[in-house]
Amino acid sequence: MTSPLNLDFVRSQFPAFASPVLSSHAFFENAGGSYPCAQVVDRLHRFYTDRKVQPYGPYPGAQAGGAEMDEARTRLGAMMGVKREEVSFGPSTSANTYVLAQAVRQWLRGTDGAIVVTNQDHEANSGVWRRLADEGIEVREWPLDPATGSLDLADLQKLLADGRVKLVAFPHCSNVIAEINDVAAICEITRAAGARTVVDGVSYAPHGFPNVTALGCDVYLFSAYKTFGPHQGIMVLREAFGMELPGQAHFFNQATLYKRHTPAGPDHAQIAACAGMADYVDAVAAAHGIGGDAASRNSAVHDLMRAQEVAVIAPLLDYLAGRNDVRLLGPRDAGKRAPTVAVELDRAAVPVSEELGRNGIACWAGDFYAVRPLAALGIDREKGVLRMSAAHYTSAEDVSRLIAALDLVL
């Protein structure tokens with residue numbers, strides 16, 4: 001049995017908590033981008049200092065740079081239970097999803113295949129798929145429940161019933177509703193219907209890197225800058241589907257899976273720095289006496305992170321549930337959601353976030369590119385929502401400080 005998360009150790013791994021600029025505020029804008037861990041910062045600095053040349057060349061700096069890029073792919077793949085070749089990097093998740101959608105556009109062109117999207121997603125995993133209707137590809141919407149924000153599996157099964165659906169795109173959790181969807185169950189249902197799955201994991205991965213093989217999806221996308229790393233998008237693309245889709249890169253690179261759907265030149269330094277995320281997971285594992293292979297260590301650290309987040313965010317959910325002037329989006333139960341807490345207020349949300357900023361709380365307000373989910377929930381985009389998002393390094397003191405500030409400004 002592992003011990004509870006050692007928060008003092010965890011926070012010591014993040015330079016931001018010692019920053020005179022950042023440490024002045026309790027940080028609740030993690031869903032917009034997490035603090036980077038020291039391991040990532042150190043690797044990025046080292047790359048720009050000692051390896052900033054074309055990688056893989058026949059001289060020391062180039063060899064070291066290429067080796068660190070390979071290390072990032074290898075170690076992240078091992079953590080998530082996939083082959084190193086199945087890990088692709090790109091400038092952002094939005095860009096990676098766009099490229100993937102162009103491959104699917106070609107894959108389904110001229111067929112009677114349909115795709116399913118939700119209105120629970122961030123626009124990155126919604127708009128690019130909906131635009132495939134321009135090619136005559138049928139796009140079916142799996143709608144959320146406007147009262148709860150949840151997705152019902154029975155509704156998905158109805159959409160799959162005629163056997164024409166070839167792909168289902170959905171979120172691991174929404175960036176405003178935050179309910180954790182049962183990815184494994186959705187993928188099993190979809191696979192039984194003969195379709196592929198694309199999971200937007202951007203809002204879940206910061207709360208513990210998943211084992212993608214265990215989830216059973218064909219594609220899993222997330223953003224390194226929200227998982228304590230540099231500004232990169234990461235796409236886990238399983239080999240069978242990745243090689244079936246028409247390649248989107250230079251013709252001479254299409255035999256290599258991690259190059260096949262990466263049309264732009266990679267950001268060498270940021271890819272190399274992503275190995276620091278694996279360093280961090282291993283450091284947390286070692287500090288808590290966790291052993292085993294990379295996937296086992298990652299799974300145990302995932303559980304530690306989630307347990308800490310569930311405990312720390314529960315008082316905020318209880319506090320908000322006790323107010324009659326806010327509408328909490330998503331589940332009241334902290335165990336069923338990510339610690340991303342969005343609320344509809346009785347007035348515009350942005351001025352409230354600004355007032356919180358003047359009271360020592362770093363958070364924001366708006367639509368967060370979740371325009372379709374907010375519309376489905378009946379929330380005026382101009383009014384927006386106030387979003388307060390935690391991570392495993394958030395302390396109980398941070399939450400108490402947030403609640404006290406909310407008492408002042410609401």
Side-chain angles (χ1 to χ4, degrees), residues 13 15 36-93 95-96 98-100 102-103 209 212 219-225 227-283 285-286 293-295 297-298:
Q13 304 300 296
C37 59
Q39 294 86 345
V40 164
V41 174
D42 291 346
R43 281 180 177 268
L44 194 60
H45 179 266
R46 182 174 67 192
F47 199 97
Y48 275 110
T49 302
D50 294 332
R51 286 121 167 80
K52 190 62 178 73
V53 292
Q54 188 69 18
Y56 303 107
Y59 49 94
Q63 291 289 304
E68 290 182 3
M69 292 171 66
D70 292 344
E71 180 189 358
R73 181 173 286 107
T74 298
R75 292 180 65 197
L76 290 175
M79 281 171 48
M80 295 186 288
V82 299
K83 300 177 183 177
R84 64 181 299 277
E85 293 81 7
E86 294 177 320
V87 179
S88 298
F89 295 92
S92 68
T93 293
N96 286 345
Y98 179 85
V99 172
L100 184 68
Q102 304 322 301
F209 293 101
V212 175
V219 186
Y220 193 92
L221 302 126
F222 65 98
S223 299
Y225 71 96
T227 56
F228 325 113
H231 201 112
Q232 281 286 281
I234 298 177
M235 177 170 65
V236 177
L237 176 58
R238 304 313 301 269
E239 185 173 23
F241 190 39
M243 298 307 288
E244 179 181 347
L245 289 172
Q248 300 300 301
H250 300 311
F251 73 92
F252 47 80
N253 280 335
Q254 293 193 23
T256 303
L257 179 57
Y258 65 81
K259 296 179 180 180
R260 184 177 174 85
H261 299 287
T262 309
D267 188 318
H268 306 141
Q270 293 198 61
I271 291 173
C274 283
M277 299 187 298
D279 290 337
Y280 173 63
V281 169
D282 284 348
D293 62 16
R297 295 194 303 273
N298 178 57

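The first residue in the sequence is number 1, and the count goes up from there.
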Q: Work out which heavy atom in P36 is nearest to a heavy atom in P15; give both atom names and the distance.
A: O-CD, 3.6 Å
Q. Considering residues at least two apart in sequence or located in another chain, which fulfil the ring-ring contact (aromatic ring centres under 6.0 Å, His included) criterion with Y59?
A. none
Q | Least distance between heavy atoms, A273 atom then P230 atom | A | CB-CG, 4.1 Å
Q: Check salt bridge (Lys or Arg N to Asp or Glu O under 4.0 Å) between R238 and all other residues, then give those that pass, not counting sequence neighbours.
A: E86
Q.
To the nearest 0.5 Å, what is the distance between OH on Y48 and NE2 on H268?
A. 10.5 Å
Q | From Q248 atom CD to N253 atom CG, the distance as rounded to the nearest 0.5 Å | A | 13.0 Å
Q: Look up atom CD in E239 and atom NZ in K83, then write down how far apart they are to the nearest 0.5 Å.
A: 4.0 Å
Q: With sequence neighbours left out, write down each residue that passes salt bridge (Lys or Arg N to Asp or Glu O under 4.0 Å) with K52, or none if nothing qualifies.
A: none
Q) Taking all non-hydrogen atoms of both residues, which atom of A72 and which atom of A275 are closest, and how far apart? A) CB-N, 3.6 Å
(Q) Y280 vs V40, test: side-chain contact (heavy atoms from CB on, under 4.5 Å). Steps then yes/no. (A) CA-CA 8 Å; Y280 173 63; V40 164; over 6 Å; no
Q) Pairs in or reaching into residues 249-268: which pass salt bridge (Lys or Arg N to Asp or Glu O under 4.0 Å), with residues at least two apart or in two chains? A) none
Q. Say you draw a straight line from CD of E71 to CZ of R43; how long is it, rounded to the nearest 0.5 Å?
A. 4.0 Å
Q. Less than 4.5 Å apart, any side-chain heavy atom of N96 and any of S88?
A. no
Q | Minimum-distance pair of heavy atoms, taken over all atoms of Y56 and Q63 | A | O-NE2, 3.2 Å
Q | Over 12 foreign heavy atoms within 6.0 Å of CZ, F251 | A | no
(Q) Donor-acceptor check, side chain of H261 to backbone of V99, threshold 3.5 angstrom: yes or no? (A) no
**Q.** Chi angles and distances behind the side-chain contact (heavy atoms from CB on, under 4.5 Å) call for L245, L100
**A.** CA-CA 9 Å; L245 289 172; L100 184 68; 3.7 Å; yes
Q | R73 and F89, any side-chain heavy atoms less than 4.5 Å apart | A | yes
Q | Shortest non-hydrogen contact from T93 toward F222 | A | OG1-O, 2.9 Å
Q.
Just to verify, what does Y225 make a ring-ring contact (aromatic ring centres under 6.0 Å, His included) with, not counting sequence neighbours?
A. H231
Q: Please examine the side chains of F228 and Q13, heavy atoms only from C-beta on, and report whether any two atoms are closer than 4.5 Å.
A: no
Q: Please identify each residue that fulfils side-chain hydrogen bond (donor to acceptor under 3.5 Å, both in side chains) with D282, with sequence neighbours left out.
A: R75, R297
Q) Which pair of non-hydrogen atoms, one from E68 and one from F47, has the smallest distance, and what is that distance? A) OE1-CD1, 3.9 Å
Q) Looking at CG of L237 and CD of E85, how far apart are the two atoms once the value is rounded to the nearest 0.5 Å? A) 12.0 Å
Q) Once you round to the nearest 0.5 Å, how far does CD1 of I271 lie from CD of Q232? A) 5.0 Å
(Q) Just so I know, are the side chains of V87 and I234 near enough to count as touching, which here means a heavy-atom distance under 4.5 Å? (A) yes
